[in-house]
Chemist: 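Quick one: structure below, then a few questions.
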Amino acid sequence: MARRLRFNGTDSKNGGCPAVHEDLDTGEIVVQGPPLTDRADLEQLQHFGEDDVAVVVPRELLVNHGPKEMRRVPKVIDLEEFGRLFETFEHSARRLESRRGYASDRQDPDFRTWQDTGSVPCDLGTDWCRTMLRQTGDGKLVERVRIVDDPVTEGQRFLLAYAACNEATGEAITCLHRADAERLDLPAADFWVFDSRLVVLLRFDDADVLHDAEVITEPAEVNRYLQAYDAAAHHAVPYQRVVAQLA
């Protein structure tokens, strides 16, 4: 069955070769150009098979008419592999925390303690706290921007109360109002950025249960999330300011 090809463009003034076409069904790119035939040139190509054909095109052709967006196949990791990233990151871990509540918080005994007393115990001996103390003690940056609603939800109030414990481990916690997040057109996502090169999108169900995570390493996509986080951090305020407003 013949491919359904779309002509993307050419830099040739007479409308000929070289050119770029795109397969409308598979997204594959067909590059049309003069063949590379010199034996000495072909011998320099790596993994070049007997049936392969190499063509030569100007760099500008790909820049002007090649695809600008990557069709990404999601790479999903389980929670155990996600947890190991906090042991292995090299210099920074940044999170945009966007949900109105988390099932894991509501299931935490400290949540009931907070409901009863208004305060959250801070046990620096937990696995998470020990990991954060070690990483921040080594000079690594760990920070979060927490989006808060108006009015602040119960789950967000709990996290604001727990922020003092986060801070005690060396984490930096700031808050961004939901209206500001929407004005900045931030992605409706809950994610971590590790070492400015790896994004982990946290995948929750409708009951706020975290099931797994999607890893993104494509540089342009990572940069989009970095830009979103930087915008959120720039407009965020210290969490103590939001706590004071609730008092």
Chemist: With a distance cut-off below 6.0 Å to the six-membered ring centre and an angular limit of 45° from the axis, does Arg146 pair with Tyr239 as a cation-pi contact?
Modeler: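 Here Arg146 fails the 6.0 Å and 45° test against Tyr239.
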Chemist: Using a strict threshold of under 4.0 Å (side-chain N to carboxylate O), is an ion pair present between Arg84 and Glu80?
Modeler: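 The answer is yes: the pair qualifies as a salt bridge.
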Chemist: Check for a donor-acceptor pair, side chain of Gln156 on one end and backbone N or O of Asp149 on the other, with a separation under 3.5 Å.
Modeler: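 Yes; at least one donor-acceptor contact below 3.5 Å.
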Chemist: Could you walk me through whether Asp150 and His177 pass the side-chain hydrogen bond (donor to acceptor under 3.5 Å, both in side chains) check?
Modeler: CA-CA 8 Å; Asp150 184 16; His177 291 286; over 6 Å; no
Chemist: Can you confirm whether the side chains of Arg112 and Gln115 place a donor and an acceptor under 3.5 Å from each other?
Modeler: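 Result is yes, a qualifying pair exists.
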Chemist: Closer than 3.5 angstrom, by distance alone: can the side chain of Asp190 be matched with the main-chain N or O of Glu97 as a donor-acceptor pair?
Modeler: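 Between the backbone of Glu97 and the side chain of Asp190 there is no qualifying donor-acceptor contact (under 3.5 Å).
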Chemist: Arg144 side chain to Ile173 main-chain N or O, any donor-acceptor pair under 3.5 Å?
Modeler: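 Not a single qualifying donor-acceptor pair exists.
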Chemist: Between Val142, Leu141, Leu198, which is the residue that forms a side-chain contact (heavy atoms from CB on, under 4.5 Å) with Phe89?
Modeler: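 Only match with Phe89 under side-chain contact (heavy atoms from CB on, under 4.5 Å): Val142.
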Chemist: My understanding is that only residues two or more places apart in sequence, or in another chain, count here; which of them pass ring pair (Phe, Tyr, Trp, His ring centres under 6.0 Å) with Phe48?
Modeler: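 Checked Phe48 against ring pair (Phe, Tyr, Trp, His ring centres under 6.0 Å); zero matches.
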Chemist: Can you tell whether the side chains of Arg224 and Glu221 come within less than 4.0 Å, N to carboxylate O?
Modeler: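 The answer is yes: the pair qualifies as a salt bridge.
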Chemist: Do any pairs count as a disulfide bond (SG atoms under 2.5 Å apart) and have a residue in residues 164-233, sequence neighbours left out, and if so which ones?
Modeler: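 Listed by first then second residue: Cys122-Cys165.
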Chemist: Within the 3.5 Å criterion, strictly below it, is a donor on Thr131 or Glu87 matched to an acceptor on the partner's side chain?
Modeler: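 A pair is found: one side chain offers a donor N or O, the other an acceptor, under 3.5 Å apart.
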Chemist: Have Tyr162 and Asp108 got a donor and an acceptor in their side chains that come within less than 3.5 Å?
Modeler: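 Judged by distance alone, the side chains do not pair up.
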